[in-house]
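Only one structure is covered here, and it is reproduced in the block below.
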Amino acid sequence: MLKKILIAAVLLILVGLGAFYLVANRELSQNVDRLFAQILASGAYQDLSYDSVTIGLDGTVRLEQLTVVEQEGLAYTFQTVDISDYDYQHDIPRHARLKVSGLSFPKGLPVLEENEPHVLTDYLQSLMRNEVLPLVIDYRFAYEPEQEYLISNTASFDLQDAGVLSINAMVKQIPLEEFFAYSNEQFPELAHMQLLNTLSRAEIPEAGLSFQDAGVLNAALEKQAVNAGMSREDFQQRLISQIQGLPLFFPASLQGLMTSTSAKLSSFLEGGKTFSIAIEPMYDGNIQRLQPEILSAFYTGDYNRIAALLNLKLETR
């Protein structure tokens, strides 16, 4: 008897969860429709549509086949858009994650170059699988008001068989509550001044950018080598030699920095490596303290001082 009661209880729980799931998804769809209607009413886009929207038991919201039509007529479709780890407890979320997978173009891949040859367009077309560009965008956000209004952002753009671009930045002393309040001001000029005042107090303790080659470099070298009537290896070596000689064309004050930079870039051009740029500025990235010193160093041509103030780091691995 106890066994039957337990089984019945489990079934009731499953039915309850199923009913909750259906209701949640229906309300979610209605909310998304209202949001899209507001965006379209603002004139930001010509059209927004999607095939379906669901919410998983872990709270992940998924939009499938989200199609955006710009005012200029450019149309593109994200195969899936996942919103997860979203903080619903605060008006301004303390954390969130957005992941977009797959990009297609209902009207065909647009030509990105004004004149022939369409090198980039042709290359992107070669990467497409079943008319879908295998692009994954992964963005994470965190906001900690109690830690000097710390905002942490990381984003990666992963294009299969091409490469991965990664960006990260930490910003402090920008209360997002103030930031969004200014954007809702009735007097735009006053709001603009208040916004600039808030941004002037910002600190950037660290920021970075990196690119991991996964095939795009080799494709570019092969294309350019053909155009130059050379083998890929010979063209690659010529390009590396040219980059190694770049420091000779810069003033003495930049020789050290450019020599280090050219060495890192030359190594990256060997292929299959990651090139990264990072800064961890002095004064914890306080813009008000950094700005006058950077400008002074710029006007006197002391570029090494600027690199030191920013704690500029270049790396190839």
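Values below: all heavy atoms of this structure, side chains included; hydrogens, waters and symmetry mates excluded.
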Glu222 atom CD, over 12 foreign heavy atoms within 6.0 Å: yes
Hphob cluster co-occupancy, Leu239 + Leu217, side-chain heavy atoms under 4.5 angstrom: yes
For the student: nearest non-hydrogen atoms of Glu177 and Arg94, plus distance: OE2-NH1, 4.4 Å
With Thr274 via side-chain hydrogen bond (donor to acceptor under 3.5 Å, both in side chains) - residues at least two apart: none
Pairs flagged by salt bridge (charged side-chain N to carboxylate O under 4.0 Å, His left out) wherever residues 282-292 is involved - sequence neighbours left out: Lys172-Asp284
Shortest non-hydrogen contact from Pro110 toward Thr121: O-CG2, 3.8 Å
Distance (rounded to the nearest 0.5 Å) between Ser276 OG and Leu314 CG: 7.5 Å
Short side-chain to backbone donor-acceptor contact, Ser260 and Leu257, under 3.5 Å: no
Within one Ile-Leu-Val-Met-Phe-Trp-Tyr cluster: Phe157 and Val216, side-chain cutoff 4.5 Å: yes
Listed partners of Gln236 passing side-chain hydrogen bond (donor to acceptor under 3.5 Å, both in side chains), at least two apart: none
Side-chain hydrophobic cluster, 4.5 Å single linkage: members besides Val132: none
Inter-residue atom distance Leu109.CG - Leu133.CG, 0.5 Å rounding: 7.5 Å
Side-chain cluster (under 4.5 Å, hydrophobic types only) that Met170 belongs to, other residues: Leu150
Audit row: Asn218, Arg232, side chain to side chain contact (heavy atoms under 4.5 Å, CB included) steps and yes/no: CA-CA 8 Å; Asn218 183 63; Arg232 192 195 70 83; 3.2 Å; yes
Residue pair Gln79 / Gln65, side-chain donor-acceptor N/O under 3.5 Å: yes
Interatomic spacing from CG in Leu103 to CE in Met128 - rounded to 0.5 Å: 7.0 Å
Greater than 12 external heavy atoms within 6.0 Å of Gln89's CD: no
Contact list for residues 245-256, test salt bridge (charged side-chain N to carboxylate O under 4.0 Å, His left out), sequence neighbours left out: none
Sequence neighbours excluded - side-chain hydrogen bond (donor to acceptor under 3.5 Å, both in side chains) pairs with any residue from residues 159-171: Arg129-Asp161
Joint cluster assignment, Leu159 & Leu165, ILVMFWY side-chain distance < 4.5 Å: yes
Closest non-hydrogen atom pair, Leu290 against Pro281: CD1-CB, 3.6 Å
Listed partners of Glu131 passing side-chain contact (heavy atoms from CB on, under 4.5 Å), at least two apart: Gln125
Heavy-atom side-chain proximity of Tyr50 to Thr77 below 4.5 angstrom: no
Donor-acceptor pair, side chain of Ser262 and main chain of Met258, under 3.5 angstrom: yes
Beyond-backbone contact of Glu293 with Tyr283, side-chain heavy atoms, under 4.5 angstrom: yes
Close side-chain approach of Phe141 to Ile151, heavy-atom, < 4.5 Å: yes
Flag side-chain contact, heavy atom, 4.5 Å: Ile294 against Gln291: no
Identified salt bridge (Lys or Arg N to Asp or Glu O under 4.0 Å) counterpart of Arg97 within the set Asp82, Asp87, Asp138: Asp138
Cluster check Leu120, Val226: I/L/V/M/F/W/Y, side chain < 4.5 angstrom: no
Min side-chain heavy-atom separation Leu127-Leu135 under 4.5 Å: no
Under 3.5 Å side-chain donor-acceptor pair for Lys99 and Ser84: no
Verdict with supporting geometry, Phe211 and Asp213, side chain to side chain contact (heavy atoms under 4.5 Å, CB included): CA-CA 6 Å; Phe211 181 76; Asp213 173 47; 4.3 Å; yes
Other residues, nucleotides, ligands: >12 heavy atoms within 6.0 Å of Phe275 CZ: yes
Sequence-distant partners of Tyr139, side-chain hydrogen bond (donor to acceptor under 3.5 Å, both in side chains), two or more places apart: Asn153
Aromatic plane relationship, Tyr303 with Phe298 - under 30° parallel, 30 to 60° tilted, over 60° perpendicular: perpendicular
Test item: Arg62 and Ser52 side chains (from C-beta on) under 4.5 Å apart, heavy atoms: no
Main-chain N/O of Ala219 paired to Tyr123 side chain as donor or acceptor, under 3.5 Å: no
Pairs involving residues 75-110, ordered by first then second residue, that meet ring-ring contact (aromatic ring centres under 6.0 Å, His included) (sequence neighbours left out): Tyr76-Phe78, Tyr86-Tyr88
Side chains of Phe235 and Leu221 in contact at under 4.5 Å (non-hydrogen atoms): yes
Between CZ on residue Phe250 and CD on residue Gln255, distance to nearest 0.5 Å: 9.0 Å
Joint cluster assignment, Val111 & Val69, ILVMFWY side-chain distance < 4.5 Å: no
Pair Thr60-Asp58, side-chain donor/acceptor within less than 3.5 Å: yes
Criterion side chain to side chain contact (heavy atoms under 4.5 Å, CB included) on Ile306 and Asp302, from CA distance to verdict: CA-CA 7 Å; Ile306 296 176; Asp302 190 356; over 6 Å; no
By side-chain hydrogen bond (donor to acceptor under 3.5 Å, both in side chains) - contacts of Asn286 (at least two apart): Glu203
Gln244 CD to Ser267 OG distance, which is reported to the nearest 0.5 Å: 10.0 Å
Where Ile92 and Tyr143 come nearest, the two heavy atoms and their spacing: CG2-CD2, 4.0 Å
Leu40: side-chain contact (heavy atoms from CB on, under 4.5 Å) partners, not counting sequence neighbours: Tyr45, Asp47, Leu48
Interatomic distance, Ile204 atom CD1 to Leu310 atom CG [nearest 0.5 angstrom]: 9.5 Å
